[in-house]
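Worksheet: one structure, shown below.
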Amino acid sequence: MLYQFSSEEDNFSYHNAAELQKQLAEKVRLNDFYDQDIRIIAGTDVSYSRNGKYSTAVAGIIIMKYGSWEVIEAVYAVKEISFPYIPGLLSFRELPVLLDAYDKMKTKPDIWLVDGAGIAHPRRLGLASHFGVTIDRPTIGVAKSRLTGHHMDLYLEKGSTVPLRDRAEVIGTVLRSRTNVRPLYISPGHLVSLEQASEIVLSCCTRYRLPEPIRAAHNFVTRLKAKILMQ
DNA sequence: GCGACAG
DNA sequence: ATCTTGTCGC
């Protein structure tokens, strides 16, 4: 077997991993969309530092008050990972650390912004969807670049959007989160509709390209990693 | 066979 | 993601 989880027992070939994704993708729900007021929102990010064949991954989760962006809680986890980055299989690399951090949380956010794709994925199960189905909570995928699908050009003004399509199927929204910057690739992860996903992300964008929860999580893990590497 | 390719 | 210096634009 070519690739495996950090847990020694399970072997994972690309084929097996892809089949598992297809299975889990059937559990993704976008219709029973999230229809309550968002009060608490979470953002995730993972950063790495290389150690030869392995990598030390640091996953961070920031939980904040929606709108005021006041941080309520911040948790993190560190893990050695051997699963390589393979386009389409990112969740097998990042999910274990992310779930370790998740286990440390006290607060229960209404919805999650995850760094990576949701259903805008070859088998409709990007990291945000995989994570969402696993914890059975609403998630939205926020990717800084395109994994799959195609789209037209969009206006340079903040707030402009264009659908992201795979053939005839709409799998996400390309969103200009700030004027004159590269757009974000938004797709529902789990328990949110496609329309809501981009609306919610835009509502989290202040004066930066990244929505506040993701930006905070990114800053968090970046600083954490520097601190951890010093010891 | 040749490109494309989240983080 | 990470490696890396200066540099162009709002």
Side-chain angles (χ1 to χ4, degrees), chain A residues 3 6 14 17-18 21 24-25 28 43-61 76-99 101 112-133 139-151 155-158 164-167 171-190 197-198 201 206-211 213-215 217-226 228-229:
Chain A
Y3 308 109
S6 33
Y14 187 100
Q21 290 181 323
L24 288 174
V28 171
T44 77
D45 191 35
V46 179
S47 75
Y48 309 90
S49 67
R50 309 201 57 170
N51 290 323
K53 180 192 176 189
Y54 297 86
S55 286
T56 302
V58 181
I61 298 171
Y76 72 94
V78 182
K79 203 180 190 81
E80 298 299 307
I81 53 181
S82 57
F83 200 97
Y85 170 68
I86 301 167
L89 299 186
L90 179 66
S91 61
F92 293 100
R93 178 170 163 82
E94 294 200 347
L95 196 54
V97 218
L98 191 53
L99 290 174
W112 294 70
L113 301 190
V114 178
D115 65 315
I119 63 166
H121 175 280
R123 292 166 294 280
R124 306 295 179 262
L125 194 87
L127 174 63
S129 295
H130 199 156
F131 181 65
V133 166
T139 61
I140 296 172
V142 180
K144 294 181 291 298
S145 62
R146 185 187 62 89
L147 170 61
T148 195
H150 298 87
H151 64 87
Y155 293 116
L156 293 170
E157 285 72 39
K158 174 179 179 177
L164 178 66
R165 288 195 175 83
D166 189 350
R167 303 276 185 163
I171 57 175
T173 304
V174 187
L175 168 71
R176 194 80 69 179
S177 55
R178 176 190 171 166
T179 299
N180 289 336
V181 300
R182 284 163 46 221
L184 296 176
Y185 293 76
I186 313 303
S187 57
H190 187 46
S198 62
V201 171
T206 58
R207 53 180 305 201
Y208 307 96
R209 179 181 181 233
L210 293 177
I214 297 265
R215 202 172 72 85
H218 186 268
N219 291 336
F220 180 49
V221 294
T222 299
R223 289 178 176 75
L224 259 178
K225 195 182 64 177
I228 290 170
L229 289 179

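None of the values given here were measured: they were computed from a predicted structure.
Set against C/dC10, C/dT2, C/dA1, the side chain of A/Asn180 has C/dC10 as its closest nucleotide. Relative to the side chain of A/Ser145, the nucleotides C/dC10, C/dA1, B/dG7 differ in distance, and B/dG7 lies closest. Nearest to the side-chain atoms of A/Leu127 among the listed nucleotides C/dA1, C/dT2, B/dA6 stands B/dA6.
Rounded to whole Å, atom P of B/dG7 lies 16 Å from atom CG of A/Leu95. The distance from atom CG of A/Leu125 to atom C1' of B/dA6 is 13 Å, rounded to the nearest whole Å. B/dG7 atom P lies 18 Å from atom NE2 of A/His130, rounded to whole Å. For the pair A/Tyr85 OH and B/dA4 P, the computed distance is 15 Å after rounding to whole Å. As a whole-Å value, the separation of A/Asp45 CG from B/dA6 P is 15 Å. Look at OH on A/Tyr185: it is 11 Å from P on B/dA6, rounded to the nearest Å. Whole-Å rounding puts the A/Ile86 CD1 to C/dA1 P distance at 18 Å. One atom, CD1 of A/Ile81, and another, C1' of C/dT2, lie 13 Å apart when rounded to the nearest Å.
Counting heavy atoms of neighbouring residues, nucleotides and ligands inside a 6.0 Å radius, atom OH of A/Tyr48 exceeds 12 of them.
Using a 4.0 Å cut-off, no side-chain N or O of A/Lys144 falls inside it from OP1 or OP2 of B/dA6. Between B/dG7 and A/His218, no contact under 4.0 Å exists linking OP1 or OP2 to a side-chain N or O. Checking the phosphate oxygens (OP1, OP2) of C/dA1, no side-chain nitrogen or oxygen of A/Lys225 falls inside 4.0 Å.
Residues A/Leu184 and A/Val174 fail the side-chain proximity criterion, which asks for heavy atoms closer than 4.5 Å. The side-chain heavy atoms of A/Tyr76 and A/Lys225, taken from C-beta on, include no pair separated by under 4.5 Å.
Residue contacts for A/His150: at a heavy-atom cut-off of 4.0 Å it reaches no nucleic acid atom on any strand shown. Within the nucleic acid shown, A/Ala143 comes within 4.0 Å of sugar-phosphate atoms alone, with no base atom in reach, counting heavy atoms only. Note on A/Tyr48: only backbone sugar-phosphate atoms sit closer than 4.0 angstrom, heavy atoms only; bases stay farther off. Nucleic acid contact for A/Gly88: base, since at least one base atom lies under 4.0 Å from a heavy atom of the residue.
Residue whose closest nucleotide on DNA chain C sits further toward the 5' end, between A/Arg178 and A/Ser47: A/Ser47.
Of the candidates A/Glu80, A/Arg50, A/Lys79, A/Glu80 is the only one forming a side chain to side chain donor-acceptor pair (under 3.5 Å) with A/Thr56.
Nearest heavy-atom pair, A/His121 versus A/Leu147, reported as atom, atom and distance to 0.1 Å: CD2-CD2, 3.8 Å.
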